[in-house]
Protein chains: 2
Amino acid sequence: MIENDIFRALADPTRRAIFEKLAAGSMNASALRDGMKISQPAMSQHLAVLRGARLVREERQGRFVNYEVDPEGLAFIAQWLARYRAYWPARIDALKVLLKDMDQ
Amino acid sequence: MIENDIFRALADPTRRAIFEKLAAGSMNASALRDGMKISQPAMSQHLAVLRGARLVREERQGRFVNYEVDPEGLAFIAQWLARYRAYWPARIDALKVLLKDMDQ
DNA sequence: ACAATACATAAGCACACACTTATGTGTACA
DNA sequence: TGTACACATAAGTGTGTGCTTATGTATTGT
């Protein structure tokens, strides 16, 4: 079940940090590592989990593997969240702006 | 850290089921239990986690404790998601509708 | 062909998590 | 005052998770 994979993937702070880093710009696994105190296998395992949740996708480039945000996972969260729109407080201005953007 | 609490709370499928049930209408802990194969202490513990994540809030009513969705947690997820709006695929119509609702 | 590099996978381990049973706390009502 | 009820908390247990070290696989460059 993808819903479970997504929330479980995001439950780990290190994985959220990796995702956030990728959101600022796609890069390979080694580039993701620097600045983070994390071993190479640990990074590889985290990326595998994020991939399984469709939050991230890979693209082989020679012996490098470039990672980028996969909109699929984000779309799923958005849909999940939309189910509870009845409870959103009116003061979420960030989202108002966001939606206006999408409406163009 | 509330962000961590929220995602960890939602990582469990049973807790998401409880939250979904509450989203359909607030009710007390016992009412939440029926239909679900879950012990009373387990339910109480799950509710405590959801409370800690501000996804749910309680309101004592005599010897009953009424639970309801807390918009605070949802707002946080919305804000988190909004940070990645650059990656949202255009085809999320559900959110477009949602935002239009919030706009008027 | 060989060494170096980038990444994935395997196996083992400490800890967190979701459950259980047992018990505690507080309210309602006879 | 005592009993029943609604819920919370404590303590123990099996399983999952995230890490480690070791090794495997694939590509690059000499």
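To find a chain, count down the sequence lines: A is the first, B the second, and so on, and within it residues start at 1.
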> Contacts to DNA chain D from residues 11-30 of chain A, heavy-atom cutoff under 4.0 Å, which residues?
Replying inline: Asp12(A), Thr14(A), Arg15(A)

Sort me out a list of protein N/O and nucleotides 20-30 of chain D N/O pairs below 3.5 Å, or just none if empty.
| residue | atom | partner | partner atom | Å |
| --- | --- | --- | --- | --- |
| dT20(D) | OP2 | Ser39(A) | OG | 2.8 |
| dT20(D) | O4 | Gln45(A) | NE2 | 3.0 |

>> Starting the side chain at C-beta, find the nucleotide from dA6(C), dT17(D), dC7(D) nearest to Arg8(A).
In response: dT17(D)

>> Does a side-chain N or O of Tyr67(A) approach OP1 or OP2 of dA6(C) to a distance below 4.0 Å, or not?
In response: no

Between [X] ([atom1]) and [N] ([atom2]), how many Å, whole number?
| X | N | atom1 | atom2 | answer |
| --- | --- | --- | --- | --- |
| Asn66(A) | dA8(C) | CG | P | 12 Å |
| Glu59(A) | dA6(C) | CD | P | 18 Å |
| Asn4(A) | dC17(C) | CG | C1' | 14 Å |
| His46(A) | dT17(D) | NE2 | P | 13 Å |
| Leu47(A) | dT9(C) | CG | P | 11 Å |
| Glu58(B) | dT9(D) | CD | C1' | 14 Å |
| Leu32(A) | dA6(C) | CG | P | 14 Å |

> Going hydrophobic residue to hydrophobic residue with side-chain gaps under 4.5 angstrom, can you get from Tyr84(A) over to Val49(B)?
Replying inline: no

> Under 4.5 Å between side-chain heavy atoms, hopping through other hydrophobics if needed: is there a path connecting Val56(B) to Phe64(B)?
Replying inline: no

>> Strictly distance-based, threshold 3.5 Å: is any side-chain N or O of Arg60(A) a donor or acceptor partner for the main-chain N or O of Gly62(A)?
In response: yes

> If only atom types and distance count, is the side chain of Arg15(B) paired as donor or acceptor with the main-chain N or O of Arg8(B) below 3.5 Å?
Replying inline: yes

> In Å and rounded to the nearest 0.5 Å, what is the CG to CG distance from Asp70(A) to Leu22(A)?
Replying inline: 11.0 Å

>> Let's go through Ile18(A) and Met36(A) carefully: what are the C-alpha distance in whole Å and the side-chain angles of both, what is the deciding distance for side-chain contact (heavy atoms from CB on, under 4.5 Å) to 0.1 Å, and is it a yes or a no?
In response: CA-CA 9 Å; Ile18(A) 293 171; Met36(A) 304 190 72; 4.1 Å; yes

>> Applying a 4.0 Å non-hydrogen cut-off, can you work out what Arg33(B) is touching in the nucleic acid: base, sugar-phosphate, or nothing?
In response: nothing

>> Ring-plane angle category for Phe7(B) and Phe7(A), please: parallel below 30°, perpendicular beyond 60°, tilted otherwise.
In response: tilted

>> Are the side chains of Trp80(A) and Glu3(A) in contact, using a 4.5 Å heavy-atom criterion?
In response: yes

> Using 4.0 Å as the upper bound for N to carboxylate O, is an ion pair formed by Arg57(B) and Glu72(B)?
Replying inline: no

